[in-house]
Amino acid sequence: MAAAPSIRPLVFLGPPGAGKGTQARSVAERLGVPQISTGDMFRDHAARGTDLGRQAKAVMERGELVSDDIVVGMVAERIARPDCANGFILDGFPRTVPQAERLEALLAQSGRPSVLAVNFNLSYTNLVRRLTGRRTCVLCGEIYNIYFRPPKAEGRCDRDGGELTQRADDREEVIRERLSAYERQTQPLIDFYRQRRALLDVDAEAPPEELTRRLLALLAEEKQSAGSAA
Ligand code: AP5
C-alpha cells in the first residue's frame, strides 16, 4: 500500500467547546494521520488512576491548565512515535505561548515542518450550549450533543452502543473558569501564529459535516499555495 502523503503538523486552536475535538477526529480520519488530544490523554490517565492522572484530574476539575512541563513532556513522547511520521493533528495543545515555543523547538530539532494553526471562532452563547449539551461515549470517545448532535438512542453511542457520559468539567461553574483560562493563557497564541503567517481562521458556527468539508478544502488550498510558493 502506498504511504499516506505527509502534511504539516496541524494545531486546532480555539475556546473550550468550539468543536476542535469533533473536527480533529473527522479530519484526522480523512487525512490518515493521528489526532492527539492532550485533554483525552489526561482523562485517560485519570481513568487509569496513574499519578499523572490524579494530579491532572484535580487541575481539570478546577478549570485550570496543567503545567507546561508535564504537557510538553507528554506531547514530545507522543509525536516521536512512528505513526506521527507523516503528520498529526494536535487538539488542545499548545495552549500557552511557552508550550508553542517548545513545540516549535521540538519540530525544528527533529527536522520536521513547522505547524499550521487553525483558529475556531464561535460566539460565547453557543460555546456554553455546546459544552453543557456535550456527551461522550465511554468506549470509543465519539462526541455527541443533546441539542445539536443527539444520538439515535438516548444515552447510547450510535457506533458501539457504549454509555454516553458528561465530562466533570462541563458543569457551568467550571466552564466559566475554563473560558477565563482560555482568554488569559491561550488567546495570545492567535497572534503568535498570525505573526508567523501560520494561522487559518474558520467560522465554527457551521454544522459539523459542513465544517469538515470547509476545513479539508482550506487545508488543500493552503498546501497548494505552499507548494507553488516553494
Ligand atoms: P480539553 O479536553 O482539550 O478541552 P477544551 O480545550 O476545553 O476543549 P473541549 O474538549 O471542551 O472542546 P472542543 O473544542 O474539543 O469541542 P468538542 O468538539 O468536544 O482540555 C480539558 C482540560 O485538560 C483543560 O481544561 C486543562 O485542564 C487540561 N489540558 C488539556 N490540554 C492542556 C494543555 N495543552 N495545557 C495545559 N492543560 C491542558 O465539541 C463540543 C460540543 O459541541 C460537543 O457536544 C459537540 O457534539 C458539539 N459540536 C461540535 N461541533 C459542532 C458543530 N459544528 N455544530 C454543533 N455542535 C457541535
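Both counts, for ligands and for their atoms, begin at 1 and track the order of listing.
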From Ile79 CD1 over to Ser110 OG, what is the distance, rounded to the nearest 0.5 angstrom?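 Rounded to the nearest 0.5 Å, the CD1-OG separation comes to 6.5 Å.
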Could you check whether Glu210 pairs with Arg214 (Lys NZ or Arg NE/NH1/NH2 to Asp/Glu carboxylate O, under 4.0 Å)?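 A salt bridge links Glu210 with Arg214.
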Close residues, ligand 1: non-hydrogen atom nearer than 4.0 Å: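 Its neighbours under 4.0 Å (heavy atoms only) are Pro15, Pro16, Gly17, Ala18, Gly19, Lys20, Gly21, Thr22, Thr38, Gly39, Phe42, Arg43, Met60, Glu64, Leu65, Val66, Val71, Gly92, Phe93, Arg95, Gln99, Arg130, Leu131, Arg134, Ile143, Tyr144, Asn145, Phe148, Arg167, Asp169, Arg178, Ala206, Pro207, Pro208, given by chain and number.
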CD (Glu77) with more than 12 external heavy atoms under 6.0 Å: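 For Glu77, atom CD is crowded (more than 12 foreign heavy atoms under 6.0 Å).
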List, by chain and number, the other hydrophobic cluster members for Val138, where Ile, Leu, Val, Met, Phe, Trp and Tyr join if side-chain heavy atoms come within less than 4.5 Å, directly or indirectly.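 Answer for Val138: Leu139.
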Only pairs at least two apart or in different chains count here, so list each ring pair (Phe, Tyr, Trp, His ring centres under 6.0 Å) that has a residue in residues 95-152.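 Every ring pair (Phe, Tyr, Trp, His ring centres under 6.0 Å) pair that includes a residue of residues 95-152, provided the two are not neighbours, is Phe12-Phe120.
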Ring pair (Phe, Tyr, Trp, His ring centres under 6.0 Å) contacts in which one or both residues fall within residues 183-206, not counting sequence neighbours: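 Qualifying pairs, neighbours excluded: none.
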